Every structure is written in structure tokens, then in C-alpha cells.
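So the structure is just underneath, and the comments pick up after that.
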Amino acid sequence: MERVRAAVASRGDDPGPLAEALNLDVRRRHLLARRDDLRHEVKQLSAEIGKLHREGRRGEAVESTERSRMLGDETKAVAAQADELGRRLEDLLMRVANLPAEDCPVGAGAEDNPVLRVENFTPDRYGPHQRVPHWDFTAEMGLLDVERATKLSGAMFAMFRREGAMLARALVQFALDRNADLYEEVRPPTLVHTDTMTSTGHLPRFADDAYHLERDNLWAIPTAEVPLTSLCRDEVLVEDDLPMRLMAHTSCFRREAGAAGRDTRGLLRVHEFDKVEILAYATPEQAPAMHTELLERAEGAVAELSLAYRIVDICTGDLGGAAARTFDIEVYSPGTDRWLECSSVSWFSDYQARRANVRYRPAGGRGTRLVHTLNGSALAVPRVWAALTETWRRPDGSIEVPPPLRPYMRGLEVIR
RNA sequence: GGAGAGGUGGCCGAGUCCGGUUGAAGGCGCUCCCCUGCUAAGGGAGUAAGGGUCACAAGCCCUUCGUGGGUUCAAAUCCCACCCUCUCCGCCA
């Protein structure tokens, strides 16, 4: 309990609800025990009454019937109290964030995140032709049409055109293909139930960040993590099947509430974008290695595109609510001279698995244990597209297509 | 969207009209034992999950027959709402 309290504090969250939850839990258990005892008595009386009826001794059952009726009323009252406490407890717990991992760096916010590595970055390597923001020259070239996207859907929507659209698609296929050796490709729905959003921890804490279709009570997913994590919801997996690796390309939808006015130029922050997500269900023992694997997979994509990037270790104060440990990959945008987050590779310990009720049966063992879930973006299109067009821009203003992407662009080598 | 049928244990499948040892017959599958003795067959036993109490033991107790409510002393069985599946019709990328 002390560990939990300390962990909550390290995130900068209020420990008050925790104490209240503990209190609620104790009271609820007492009520539950009382309810079960009452039910037991009612059951026994009912069996007696049934027996008397069958033997035709109805008269002798009257007293038991009356007593059972009263016990039944009491049961109902006790059960109602227990349910009420249960609801309050549930509501409280659903809003409590996950415990950061032991080795997660402690810090107050994003400014405290240690940068672990910087790769492929030589500041003076970039020429003036690369120091142009992508929204400038790609708009001129007809590859990015933010103006008309805004006409269609409003601010912070993007539209790719011509080779720009092709490039976006190429990135997706590239990301899928380079992970196809181990990861099963899934194409899940992008509109999901409230339960599905709750399992990953996106609800109830972050309801304002998601698009909600009231009429059908469906939510637009902010990431494929949401449907993929619920894929095995309420299932018991076999240990031999773990780790189970999945990948999915989907559109992702984010309201970006509270972010209005920040990073709004070009592709820096958009409401809808394409992403390839990689995800794994693992045993607690497999989780650390799996986390490393996902990070390698995710950074491999930007590395193969010869983009500069760095790995950031997210500290306790900046950690997502469901995560126990997260590494961000930030790709360098020479045109804006900024590091753009393009992947968050997270280990959720059993936090999501508890919400989604995903368990596994240990080989040879009895009972079930919660799995661990991990995931990260294998490639998020807009920011990689932005960094790529800036980095690969040539002095004459044309854009070279990185060799790994050419097979996906009908052999095209240069966008003019 | 309209009409009809249906949702029972790992699977198949009784029971639901007439509520009462039905956590649930029977079968299949699986596990163990015996017989036989060789890739057949037979005999016997076992075979859900979650939760509470507790030593994550045994035992005891509770919950679960699509979900949620209701009626009743008692519900898989009666009533209401919803969800899902299947068939037919309509519509449609």
C-alpha cells in the first residue's frame, strides 16, 4: 500500500482517492459476506419448503415461508448497499493511474524526461534547402492540401495528394511489411464500444480527447491500441501462445482538446491520421524483452528511412495514465528544428489486462494470471511524412524517395 | 429497417408449456486407472469459471444457463427491456 501511495505521488496525482477506495473496499467486503450468508439461509429454507410442498404438508411450511420472506428483504437491502459501494469503488479505481515501473525515472513533467540516445543526427549536415518547413514546399508542390482539408472538415485536418498521398500509403505498407515476419496483421474496426475504450484506460479519464458518436454510442479510436487490446478481452490465453504479436494499420482520431493553437501548422498535430501499431500480449516474465523488441521495431523504421531521431525515457510525471514505462521516439524535423514524437512504446504491466480481463493459463500450472500488454507505433504517418520530406529535400527543391519506399511508390525515385 | 427462429458447461445437446436436491440428463472430447495386448474394442473414475473466508492448502459459502431488471419463500424455467446469432424480405459500398 505504501508503495502504491508513493507511486501515485510520483506521478503528481492526488492520493486521496486511494485511501477512500481502501475504506470502501473493506466496508463492501463485510456487506458481501453478510449478503452471502443471508442468501445461503434463504436457499436452505426454500429447499425445505419445496420438500414440504411435495410431501403435501403445506401447512407446516407457513412459518418458514414467512421467515424466508423477511430474510429475502434483508438480503435485498444489504445487496443494494454493497452494490452502491461497489459502484463508487469501481468509479474511483478506474480513475487511478497505473503504477510506474521501479526503474522509471522520477520527474515532474516533460522537461524532466531523460534523453537516452540520439541517433543519426548531425546538426550541420542540413543545408538551407532542408531548413524549410514541410507545409511550405509540399503545399506548393501539390502534395499536401491543408487548405481544402480545412474546407472539408475544419482546422487540424490534413489531406495528402498525388505523390504525397502515395508517400503516406507507402509508409504504411513499409511499416507493415517490415514487421510481417513476427506480427499478425489485423484490420480492426475504428468505431468501438465504451467498454473497448475503457479497457485501454482511455475512458473515463480522457473522454474529452475522443470523438464520440452519440446516436450509436460509439467512439472513434485514437489508436489501434484500443481495438487490439480488447481483441482478447474476457479470454483466457494459453501460455504457449505468448507472446502474441499483432499489428494493425488504422486511422486514428483525436480531438486534441486543450491543444488548440499549439503545433497547428502543417502535419504537426492533426485530428485524423494513419498509423501502424504493433502490440503484444505477454507473460510478466516476457514483458521486459518484449518492450525492448517493440522499441527496436519502432526505431528501426525511422532508422531505415535515414531520419535522425532520439529516444526519450518518459518520467513518472509525464507518463500516460495506463503505462508503467514508456519510451518515446522523436524524429528530427530539420524544417522546424524540432523533435517530433512519432512513437510511444509502452509497457502497461497488468493495468490494461485487468480492465480488459485478459488472462492466461500458465503451462503446467493451475488457475489463471493476468497477461501484460505492450504496444507502440510502428509508424505514425504525418510526422514521419513531415520529417521525411524535409530531410530528403534536395537543393533543387525536389524530394528524393528513400530507397526502402520506392517499391511501394511504383519505383518512383524523385518527387518533383 | 420488416418478419420469423434461437442464444444452456471445452463442444454437441436435453430441460423452459405444468417454477422446487438441475451447477444442470445424455453424448463427444479430454485426463487418470484397469483389462486386453498393440495403432480396434471394453470396464471404472474424474472433467467449468469467478469471487468471499483463509496460509495464493483443505473445507465451507456465494455468483454465473446472452445481458440487465422484475415477480416469488424459491427461476435455466414466469414477466419486461436490451444485446447478439441464424433464415427470409427490403436497402446498400
Side-chain angles (χ1 to χ4, degrees), chain A residues 1 3-4 21-94 187-199 212-220 227 230-241 250-251 283-285 349-350 352-372:
Chain A
M1 191 58 211
R3 232 198 100 221
V4 174
L22 204 62
N23 176 29
L24 282 174
D25 184 52
V26 171
R27 285 161 59 199
R28 177 166 165 273
R29 276 168 206 269
H30 282 133
L31 288 171
L32 247 33
R34 172 80 184 133
R35 182 200 66 184
D36 287 356
D37 287 347
L38 286 167
R39 277 181 177 164
H40 178 57
E41 266 195 79
V42 170
K43 267 187 146 180
Q44 292 204 314
L45 285 172
S46 295
E48 270 177 42
I49 295 166
K51 198 173 160 206
L52 289 174
H53 276 223
R54 260 174 289 123
E55 291 170 357
R57 296 151 64 193
R58 263 157 211 285
E60 297 171 43
V62 174
E63 195 180 321
S64 295
T65 303
E66 185 53 34
R67 184 167 150 65
S68 183
R69 193 202 311 275
M70 287 170 61
L71 286 173
D73 289 344
E74 192 180 347
T75 306
K76 248 179 220 170
V78 172
Q81 283 180 54
D83 288 350
E84 171 57 23
L85 291 188
R87 264 193 300 279
R88 279 163 59 192
L89 180 63
E90 175 90 345
D91 187 60
L92 226 48
L93 289 180
M94 287 312 247
R187 174 54 247 218
T190 36
L191 298 178
V192 300
H193 284 136
T194 298
D195 288 350
T196 307
M197 287 284 279
T198 305
S199 297
H212 186 208
L213 284 75
E214 298 232 347
R215 181 179 168 135
D216 298 292
N217 196 19
L218 288 169
W219 300 79
S230 277
L231 196 115
C232 294
R233 189 166 77 217
D234 295 322
E235 293 186 23
V236 179
L237 308 175
V238 181
E239 180 167 8
D240 290 347
D241 293 340
T250 65
S251 294
T283 67
E285 293 73 25
S349 59
D350 59 13
Q352 293 180 330
R354 181 173 286 113
R355 290 166 163 250
N357 189 28
V358 185
R359 292 160 297 152
Y360 74 98
R361 203 176 299 285
R366 285 182 305 148
T368 56
R369 298 170 72 194
L370 290 166
V371 302
H372 278 202

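The shown structure was predicted, so the numbers you read here are calculated from the model rather than taken from an experiment. Letters A, B, ... are given to chains in the order of the sequence lines, protein chains preceding strands, and every chain is numbered from 1.
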At under 4.0 Å, does any side-chain N or O of [X] touch on OP1 or OP2 of [N]?
| X | N | answer |
| --- | --- | --- |
| A/H40 | B/C62 | yes |
| A/R359 | B/G50 | yes |
| A/K43 | B/U22 | no |
| A/R67 | B/C73 | no |

Please report the distance separating the [atom1] of [N] from the corresponding atom of [M], rounded so that it comes out in whole Å.
| N | M | atom1 | answer |
| --- | --- | --- | --- |
| B/C30 | B/C35 | P | 22 Å |
| B/G10 | B/G50 | P | 11 Å |
| B/C82 | B/U21 | C1' | 34 Å |
| B/U16 | B/U72 | P | 24 Å |
| B/A25 | B/G46 | P | 13 Å |
| B/C91 | B/G1 | P | 15 Å |
| B/C65 | B/A55 | C1' | 35 Å |
| B/C83 | B/G66 | C1' | 8 Å |

What's the [atom1]-[atom2] distance between [X] and [N], to the nearest Å?
| X | N | atom1 | atom2 | answer |
| --- | --- | --- | --- | --- |
| A/L71 | B/C62 | CG | C1' | 16 Å |
| A/L45 | B/A74 | CG | P | 10 Å |
| A/H53 | B/U21 | NE2 | C1' | 16 Å |
| A/Y360 | B/G50 | OH | P | 14 Å |
| A/D73 | B/G70 | CG | P | 13 Å |
| A/R34 | B/C61 | CZ | C1' | 14 Å |
| A/D37 | B/G52 | CG | P | 15 Å |
| A/E235 | B/G50 | CD | P | 15 Å |

Return the pairing partner of [N] with a 3.5 Å limit on both distances, Watson-Crick or G-U wobble; otherwise return none.
| N | result |
| --- | --- |
| B/U71 | none |
| B/C56 | none |
| B/C91 | none |
| B/A48 | B/U64 |
| B/C35 | none |
| B/U16 | none |
| B/A5 | B/U85 |
| B/A25 | none |

Side chains of A/T196 and A/R233: donor-acceptor distance under 3.5 Å anywhere?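 Result is yes, a qualifying pair exists.
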Atom of A/A21, atom of A/L92 and distance for their closest heavy-atom approach: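 Shortest heavy-atom contact: N-CD2, 3.7 Å.
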Side-chain donor/acceptor of A/R35 to backbone N/O of A/A80, under 3.5 Å: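 No, because the side chain of A/R35 does not come within donor-acceptor range (under 3.5 Å) of the backbone of A/A80.
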Can you tell me which nucleotide in [options] comes closest to the side chain of [X]?
| X | options | answer |
| --- | --- | --- |
| A/R29 | B/C62, B/U53, B/U72 | B/U53 |
| A/I49 | B/G20, B/A74, B/G52 | B/G20 |
| A/D36 | B/C62, B/U72, B/G20 | B/C62 |
| A/T65 | B/C62, B/U53, B/C73 | B/C73 |

Does the distance from a Lys or Arg side-chain N to an Asp or Glu carboxylate O, for A/E90 and A/R87, drop under 4.0 Å?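 Salt bridge absent between A/E90 and A/R87.
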A/E48/A/K51 ion pair, N-O < 4.0 Å: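 Salt bridge flag = no for A/K51 with A/E48.
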Around atom CE of A/M70, are there more than 12 heavy atoms from other residues, nucleotides or ligands closer than 6.0 Å?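 Incorrect, the count does not exceed 12.
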Would you mind reporting whether A/T283 and A/H372 have side-chain heavy atoms less than 4.5 Å apart?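 Of all side-chain heavy-atom pairs linking A/T283 with A/H372, none is under 4.5 Å.
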Map A/R35 and A/K51 onto RNA chain B by nearest heavy atom, then report which one ends up closer to the 5' terminus.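 Comparing both residues, the 5'-ward one is A/K51.
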Starting at the 5' end of RNA chain B, which residue's closest nucleotide do you reach first, A/Q44 or A/H193?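 It is A/Q44 whose nearest nucleotide is closer to the 5' end.
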Using 0.5 Å steps for rounding, measure from the CH2 atom of A/W219 to the CG atom of A/L213.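 Reported to 0.5 Å precision, the distance equals 10.0 Å.
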